[in-house]
Amino acid sequence: QVQVVESGGGLVQPGGSLRLSCAASGSIFSTEVMGWYRQAPGNQREFVATMTGDGSTNYSNSVKGRFSISRGMAKNTVYLQMNSLKPEDTAVYYCKIICTSVQRPGTSTDYWGQGTQVTVSS
């Protein structure tokens, strides 16, 4: 089984910064993609940023130039540096890993964390 844990959320004023962390652990055989998604109240979950195993990144237009996804030193960790935060960035942020497991090395599966709340307000 694979576990995904996010941390780093909180309350920040508009224009401020936060860094989210995500660590995946368990019987991971190969990681294909790690990324961040968010869900505001009353909205569907939306894509924020992803990083592939070879380091390629992709961002939603709403965060491009303000958010940065990076790989941690530990295996299967990823960060989301969020700068110039706006009230509309308020949401629960979820980390997702797409990977194969030791038990099923030929099958890719999505695993999600429980989410961390980010609130941008004065």
Quick check: closest heavy atoms across [X] and [Y], and the distance to 0.1 Å?
X	Y	value
S121	P14	C-CD, 3.6 Å
D89	S84	OD2-O, 4.4 Å
N83	S17	OD1-OG, 2.9 Å
K96	D110	NZ-OD2, 3.6 Å

Rounded to the nearest 0.5 Å, what separates atom [atom1] in [X] from atom [atom2] in [Y]?
X	Y	atom1	atom2	value
C95	R38	SG	CZ	15.5 Å
N76	I97	CG	CD1	4.5 Å
Q39	Y93	CD	OH	12.0 Å
T50	M34	OG1	CE	11.5 Å
L11	Q117	CG	CD	9.5 Å
S30	I98	OG	CD1	11.5 Å

Is there a continuous path of hydrophobic side-chain contacts, each under 4.5 Å between heavy atoms, that joins [X] to [Y]?
X	Y	result
W36	M51	yes
V48	V12	yes
Y79	V4	no
V92	V78	no
V120	L80	yes

F67 vs L85, side-chain contact (heavy atoms from CB on, under 4.5 Å): CA-CA, chis, key distance, verdict: CA-CA 9 Å; F67 290 12; L85 282 160; 3.8 Å; yes
Determine whether the aromatic ring centres of residues W112 and Y37 are separated by less than 6.0 angstrom.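 Yes, ring centres under 6.0 Å apart.
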Kindly say whether S122 contributes a backbone atom to a donor-acceptor pair with the side chain of Q13 at under 3.5 angstrom?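 A pair under 3.5 Å: no.
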Between the side chains of S70 and Q81, is a donor N or O closer than 3.5 angstrom to an acceptor N or O?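 No - no donor-acceptor pair under 3.5 Å links their side chains.
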Verify the distance criterion only: is there a donor paired with an acceptor across the side chains of S60 and S62 at less than 3.5 Å?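 The answer is yes; a qualifying pair exists.
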For a side-chain contact (heavy atoms from CB on, under 4.5 Å) check, start with the C-alpha distance between F29 and S101, then their side-chain angles and the critical distance, and finish with the verdict. CA-CA 5 Å; F29 182 74; S101 66; 5.5 Å; no
Kindly indicate, with the supporting measurements, whether the criterion side-chain contact (heavy atoms from CB on, under 4.5 Å) is fulfilled by T100 and E32. CA-CA 8 Å; T100 60; E32 297 174 13; 3.9 Å; yes
Validation row: M82, V118 side chains within 4.5 angstrom (heavy atoms):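 Of all side-chain heavy-atom pairs linking V118 with M82, at least one is under 4.5 Å.
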Would you find more than 12 non-hydrogen atoms of other residues, nucleotides or ligands less than 6.0 Å from [X] atom [atom1]?
X	atom1	result
E88	CD	yes
K75	NZ	no
Q114	CD	no

List the steps and the verdict of side-chain contact (heavy atoms from CB on, under 4.5 Å) for I28 and Y111. CA-CA 11 Å; I28 297 171; Y111 296 93; over 6 Å; no
